Engineer: 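I'd like to ask some things about the structure below.
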Amino acid sequence: MDRLDRAPGQFRNFQKDDFEADWIKVAKCKSGEVYQVKVKLWREKCALKTFDTTLCGNNFYRKIIEEVSSIAKLKFKYIMPIYGMCSEVTALVMEYMSNGSLNNLLASHTLMWPKKFQMIHETSLGMNFLHSMKPPLLHLNLKTSNILVDDHLHIKISDFGLIHWEEGMNKTLFMERLTARGNISYIPPETFTDSPDPPGTTFDVYSFGIVIWEILTQQKPYAGCSVTTVLLQVSQGKRPCVTMIPDQRPPECERMISIMKQSWDDDHRKRPPFSDIVKQTEALSEVFKVPGPIHRGKNGDVEQKANYPWLFSSVKKITIPEMSDSPSDGQYDKEAILSMLS
Ligand code: ATP
Ligand code: MG
């Protein structure tokens, strides 16, 4: 029996030889590299994320690999499926997400409000799932580059459970691990103050607040600021600028801004749990579920006569129209949308 031909859901240890020879580098970042690879047996693309073992030391990654086999058993629509690992190159093998990270998507395309609200809601669903486990599975690395986007512009949260607060861990070392990944904007202030408590679920809620801001503004928080400036400003209660959220916005956005502000509250006890957040984002994303009919304009462009003028706020980049999984979600001209995307 082939090593990969195992019972469904079983964690696999891939060999380099299990992949076609042409590995396409998708990204190189501080913590390692991501490749698009093709599994010979499956004839399917996968993502292979390698870890730079010099960054945190071999022990750190040995521990990750031990734990990843249990994380890989988790299955939920909004979290990244992990197929296995490839110990030859210290890498995780997971589903390949054709639209890359939300971080890149926000920089290259202007998203409309319904899509923004939907992505926020899907992120809260994924996080609620992780936190609903007993004990809660903390992400501790939630950021827009760890929210990946599939062919249909739905999201999956990735790289959860890779960062840990270990028993008796030195806080400086924990901060170093986070900042080494370029995560400074997502770290709640209590982590770099004197608080002796290890991070809990409210750490992730804070990061989620920053993610909401990024989705609403399509900007990077604290752009141009040094790590020290961010540390100082955030510990003094400063947060990304709310006025950067476009003025032309749906009335429901005020509620979303309020969730965002509660999520990044200075006092971690005041941050709402994902079990509450998810109910609110669900209600907000429901508002957008019934778009108006789509028409063809004089020059063949797609126009949508919705009740909401803010569906079509200013377009600064390429616009990705709202897409549904099935026409029953609302009326839309699928062909026209696909031609706009190509
Ligand atoms: P961290 O190691 O802290 O998670 P990061 O998310 O910035 O940092 P990677 O996880 O290595 O770095 O991912 C880098 C980039 O690779 C992502 O931003 C995304 O564009 C791409 N990527 C990661 N995983 C996948 C995947 N499963 N499918 C497609 N692209 C991916
Ligand atoms: Mg990542």
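We number each residue from 1, following the sequence as shown. As the structure lists them, so they are numbered: ligands from 1, and atoms in each ligand from 1. Since we're looking at a predicted model, the values are computed, not measured.
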Engineer: Using a strict threshold of under 4.0 Å (side-chain N to carboxylate O), is an ion pair present between Glu88 and Lys16?
Structural biologist: no
Engineer: So which protein heavy atom does atom 9 (P) of ligand 1 come closest to, and at what separation?
Structural biologist: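 Protein heavy atom with the smallest distance to atom 9 (P) of ligand 1: Lys49 NZ, 3.3 Å.
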Engineer: For the pair Glu122 and Lys156, find out whether any cationic side-chain nitrogen is under 4.0 Å from an anionic carboxylate oxygen.
Structural biologist: no
Engineer: What residue and heavy atom of the protein are closest to atom 12 (O) of ligand 1, and at what distance?
Structural biologist: Cys29 SG, 3.0 Å
Engineer: If you have a sec, work out which protein heavy atom is nearest atom 2 (O) of ligand 1 and how many Å separate them, to one decimal?
Structural biologist: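 Here the nearest protein heavy atom works out to Ser31 OG, 2.6 Å.
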Engineer: What are the atoms of ligand 1, with element, lying closer than 4.0 Å to any heavy atom of Asp159?
Structural biologist: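 Every atom of ligand 1 under 4.0 Å from some heavy atom of Asp159: 4 (O), 10 (O).
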Engineer: Out of Lys45, Met94, Lys143, Lys156, whose heavy atom sits nearest atom 8 (O) of ligand 1?
Structural biologist: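 It is Lys143 that holds the nearest heavy atom.
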Engineer: Atom 6 (O) of ligand 1: which protein heavy atom is closest, and how many Å away?
Structural biologist: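 Its nearest protein heavy-atom neighbour is Asn146 OD1, 2.8 Å.
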Engineer: Indicate if the distance from the Mg ion (ligand 2) to the nearest N, O or S atom of Ser101 falls below 2.8 Å.
Structural biologist: no
Engineer: Any nitrogen or oxygen of Met97, side chain or backbone, less than 3.5 Å from one on ligand 1?
Structural biologist: yes
Engineer: Heavy-atom contact under 4.0 Å between Lys28 and ligand 1?
Structural biologist: no
Engineer: Under 4.0 Å from any heavy atom of Asn141, which atoms of ligand 1 are there?
Structural biologist: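 What qualifies from ligand 1 is 1 (P), 3 (O), 4 (O).
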Engineer: Salt-bridge test for Lys40 and Asp17: reply yes if a basic N is under 4.0 Å from a carboxylate O, no otherwise.
Structural biologist: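 Looking at Asp17 together with Lys40, the answer is yes, because their closest N to O distance falls below 4.0 Å.
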Engineer: Among all protein heavy atoms, pick the one closest to atom 27 (N) of ligand 1 and tell me residue, atom and distance.
Structural biologist: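 It is Glu95 O, 2.8 Å.
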Engineer: For atom 19 (C) of ligand 1, what is the closest protein heavy atom, and at what distance to 0.1 Å?
Structural biologist: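 Heavy-atom neighbour on the protein nearest atom 19 (C) of ligand 1: Ser101 CB, 3.8 Å.
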Engineer: Which atoms of ligand 1 are found less than 4.0 Å from any heavy atom of Ala47?
Structural biologist: 26 (C), 27 (N), 28 (N)
Engineer: For atom 15 (C) of ligand 1, find the nearest protein heavy atom and state the residue, atom name and distance (0.1 Å precision).
Structural biologist: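 Going atom by atom, the protein heavy atom closest to atom 15 (C) of ligand 1 ends up being Ala27 CB, 3.4 Å.
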Engineer: Step through the shown structure and confirm whether more than 12 heavy atoms of other residues, nucleotides or ligands are within 6.0 Å of NZ on Lys220.
Structural biologist: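 More than 12 heavy atoms, drawn from other residues, nucleotides or ligands, come within 6.0 Å of this atom.
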Engineer: Out of all atoms in ligand 1, which are within 4.0 Å of some heavy atom of Met80? Include the element for each.
Structural biologist: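 Matching atoms, with element in brackets: 27 (N).
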Engineer: How far is atom 13 (O) of ligand 1 from its nearest protein heavy atom, and which residue and atom name does that atom have?
Structural biologist: Val34 CG2, 3.6 Å
Engineer: Hey, are Asp266 and Arg271 close enough for a salt bridge, meaning a charged N less than 4.0 Å from a carboxylate O?
Structural biologist: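 Between Arg271 and Asp266 there is no salt bridge, as every charged N stays at least 4.0 Å from the carboxylate O atoms.
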Engineer: Can you check whether Ser101 reaches Ile147 side chain to side chain, under 4.5 Å on heavy atoms?
Structural biologist: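 SC-SC contact between Ser101 and Ile147 ruled out.
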Engineer: Asp18 side chain to Gln15 main-chain N or O, any donor-acceptor pair under 3.5 Å?
Structural biologist: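 Side chain of Asp18 to backbone of Gln15, a donor-acceptor pair under 3.5 Å: yes, one is there.
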Engineer: Just by distance, do the side chain of Asp150 and the backbone of Leu153 share a donor-acceptor pair under 3.5 Å?
Structural biologist: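 At least one qualifying donor-acceptor pair exists.
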Engineer: Just jot down the ligand 1 atoms closer than 4.0 angstrom to any heavy atom of Ser145, in number order.
Structural biologist: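 In order of number, 5 (P), 6 (O), 7 (O), 17 (C), 18 (O).
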Engineer: Do Tyr96 and ligand 1 have an N or O pair less than 3.5 Å apart?
Structural biologist: no
Engineer: Decide, yes or no, whether a salt bridge links Glu44 with Lys38 under the criterion of side-chain N to carboxylate O below 4.0 Å.
Structural biologist: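 Not counted as a salt bridge, because no side-chain N and carboxylate O are separated by less than 4.0 Å.
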Engineer: Check for me whether the distance between the ring centres of Trp42 and Phe14 falls short of 6.0 Å.
Structural biologist: yes
Engineer: Under the side chain to side chain donor-acceptor pair (under 3.5 Å) criterion, do His154 and Gln118 qualify, and how do the steps go?
Structural biologist: CA-CA 8 Å; His154 289 284; Gln118 184 200 323; 2.7 Å; yes
Engineer: Does Glu33 have a non-hydrogen atom less than 4.0 Å from ligand 1?
Structural biologist: no
Engineer: Take the Mg ion (ligand 2) as the vertex and measure to OD1 of Asn146 and OD2 of Asp159; round to 10°.
Structural biologist: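 Nearest ten degrees: 90°.
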Engineer: Please check if the distance between the ring centroids of Phe274 and Phe208 is under 6.0 Å.
Structural biologist: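 Ring-ring flag for Phe274/Phe208: true, centres closer than 6.0 Å.
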Engineer: Ignoring hydrogens and angles, tell me if any N or O in the side chain of Asp204 forms a donor-acceptor pair with the backbone of Leu140 under 3.5 Å.
Structural biologist: yes
Engineer: With the threshold set at under 4.0 angstrom, would you say Leu148 reaches ligand 1 through any of its heavy atoms?
Structural biologist: yes
Engineer: So if I count the atoms of ligand 1 from 1 in the order they appear, which ones are less than 4.0 Å from some heavy atom of Asn104?
Structural biologist: 20 (O)
